[in-house]
Structures are given as structure tokens and as C-alpha cells.
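Below is one structure, written out as C-alpha cells, with a few remarks after it.
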Amino acid sequence: MAFRAHILGAAAGGGLPQWNCGCGNCRRAREGSIPAQTQSSLAVTGNGRDWAILNASPDIRAQLAATPVLHPTGQRELPLTSVLVTNGDIDHVAGLLTLREMQPFTLFATDGIHQVLTDNPIFDALNASVVVRETIALNTPFALAPDLTATLFAVPGKVPLYLEGETVETDLMGEQTVGVDLQSGTARAVYIPGCAHLPADLASRLDGADIVFFDGTLWRDDEMQITGVGTKTGKRMGHMSMSGSDGSIAAFAPLNIGQKVFVHMNNTNPVLDPSSPEYAKATASGWIVGQDGLEITP
Ligand code: MLT
Ligand code: MN
Ligand code: ZN
């Protein structure tokens, strides 16, 4: 069997609904009139048997419980080979603490992201004799799981919020924020849950891919302000928005991509409401709006 991706969580940090948020989407999700979504994570396989998890969200316990292909197959056997984190953000690493029950897997990240984890001794809960941390250099292919090769590459982003200093560069290129190129047989998928903007060389990397999972945090840059939940812009958070002339929908329009899938949606994003005009616009532009449990094959 060939490449498959399973969206474990389609929402950005906070999830939908977010515990302290009373915005329209969060209220509708609590009422059950739009689907709730858990936090950012994608499971991938190259053979239908051995899986890797890209980003370990704080919701990983419930996500695994809801995903039969990742259930134990024996007393302590799990079809999980590895976990890879694409940045040090809380929504992508806090779930590692849930994975601490002496379960062997390989933890892949760049040196820069591993450094963030080693600087936080709470992650020593992952016993080093069981969970092997492997450092991956940028632009160097490695075996993420059987029949699945991955390559990490830098995308514009920033350091995690909890490591921000007085001045913050929001479109830093380096080891702090990466995308993942996935190759299995002839299938190629790319996963980029956070991206500040789309430089030309990144656009050409995406051109021709069978599937791209891309940062869908906000619909518009001032969305937190207009929904009344905060003052930060998308740009300040290191995320490009979906709409507008400098948005992802416009930037991807000239590219030849089999399936374009938005992931990592903030709970304020109107596309999370399937009856919204923004949802209609995104899908009419050829995008799939990611949902928890959605499985994508090339
Ligand atoms: C982000 O994607 O911008 C971060 O996950 C925000 C956060 O740390 O809550
Ligand atoms: Mn995030
Ligand atoms: Zn909300």
C-alpha cells in the first residue's frame, strides 16, 4: 500500500473551541453547529502499516484514541515508527509529554529544535534509552518510516512565542521552522503548518507535488483584531493569511499541485464554518479545508 496522510488535528494552537474563547466559531463548535477541531498534527505512512506523526499536539491522546490505524497491535506494540516536530511551538511539542510511557520511537528534529527540547528538562520524561532523538540536517533526505523518505527544509518563520526576545524576526529562515518533503514511491507530499510568506524558491519546491498541506492559520491578517480576541496580526505571528493579494490562495494559484490542503487553522478562521462564504471561496479556489480525521491519498 502506498502513501496516505491522516489529519489528526486540523486546528492551530488552542483548537476549536479554545478553552477561553467566546468567538463566533468557538461558540458554534460548543453548540455542535460546526465541527470541533483538535490541534495541529498529521500522521503519514508510506506502506499503510508503519506510521510517523508530524507534530505532537497537546490533544494527541484523544487524537490517537480516535484513530484506529494508530492503535496498539499487541501488549506494547504500536504501528508508530517516529515523531517529527517542525518547530518548538507548544501546539507541536506539548504532546511529546503524553508519549512518555516507555514506548520506543525515534524523535526527529533539526538541531535547533532539538536544542529547544533539551533546554526544557520536562522533556527528559521521554526516556533517552527508549526514545532516540535524531538530529536531521536541512535538505538531507532520511528514512522517516519504512517506505517513507523525508527531507526537512527551512521556511520563513520565527522562534516559539515563549522564546521571543524584545525584538522578533518573524520571517527567519533557518532551523527553527521547517517544512517536510515526503516521498513514497512516486508520490510526493509536502507539509508546511507554519509559514510567514512564500518565497519563489519555496513556491518552485511545491510546484508539481501531489499533495501540499499548508499553513491555514488565518483568513485575513487582522482577523484576531476584527473578531475581538487579540491585537496580533498574522504577520506578527509568522503566518501568511489565506486571502488577499499576498495570501496563500493567490500565491498558490499558478502552481501545479494535485491536492492543496489547509491545516493549522486558528479558531477565528471563518473557513472552519462550512457554511461561510470564505469556506466557499477557499474550496472554489481548489483548496481542501482540513478536518480532524480526514484522510488524504495522492
Ligand atoms: C503559532 O503557530 O503561531 C503558535 O503555535 C502560537 C502559539 O504558541 O500559541
Ligand atoms: Mn501553531
Ligand atoms: Zn475562538
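Ligands are counted one by one from 1 in listed order, and the atoms in each one are counted from 1 as well. Residues: numbered from 1 along the sequence shown.
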Exercise check, heavy-atom protein proximity under 4.0 Å to atom 2 (O) of ligand 1: yes
To check your reading of the model: name the closest protein heavy atom to atom 9 (O) of ligand 1, its residue, and the distance in Å. Leu161 CD2, 4.5 Å
Report yes or no: do Asp59 and Gln39 form a side-chain donor-acceptor pair below 3.5 Å? yes
Should you measure from each heavy atom of His264, which atoms of ligand 1 turn up under 4.0 Å away? 2 (O)
Logged contact type for His92 with ligand 1, heavy-atom cut-off 4.0 Å, is neither
Distance from atom 5 (O) of ligand 1 to nearest protein heavy atom, with residue and atom: Asp91 OD1, 2.9 Å
Residue of the set Leu70, Asn55, Leu294, Leu54 for which side-chain contact (heavy atoms from CB on, under 4.5 Å) holds with Leu8: Leu70
For a distance under 2.8 Å, tell me if Asp89 has an N/O/S atom near the Mn ion (ligand 2). no
Trp219 versus Ile249: any side-chain heavy-atom pair under 4.5 Å? yes
From the N, O or S atoms in Asp91, identify the one nearest to the Mn ion (ligand 2). OD2
Angle class for the His6/Trp51 ring planes (parallel below 30°, perpendicular above 60°, tilted otherwise)? perpendicular
Backbone or side-chain N/O/S of Asn267 under 2.8 Å of the Zn ion (ligand 3): yes
In terms of its nearest heavy atom to atom 4 (C) of ligand 1, the top option of Asn87, Asp89, Asn55 is Asp89
If we check side-chain contact (heavy atoms from CB on, under 4.5 Å) with Leu99, which of these qualifies: Leu78, Val83, Ile53? Val83
For the residue pair Asp91 and Ser40, confirm or rule out a side-chain donor-acceptor distance under 3.5 Å. no
Please confirm if an N, O or S atom belonging to His92, backbone or side chain, lies less than 2.8 Å from the Mn ion (ligand 2). no
By the definition side-chain contact (heavy atoms from CB on, under 4.5 Å), identify the one residue from Val212, Asp210, Ile211 that meets it with Ile257. Val212
Can you tell me the angle formed at the Zn ion (ligand 3) by SG of Cys21 and SG of Cys23, to 10°? 110°
Check the angle between the aromatic planes of Trp287 and Phe214 and answer parallel, tilted or perpendicular using the 30° and 60° thresholds. tilted
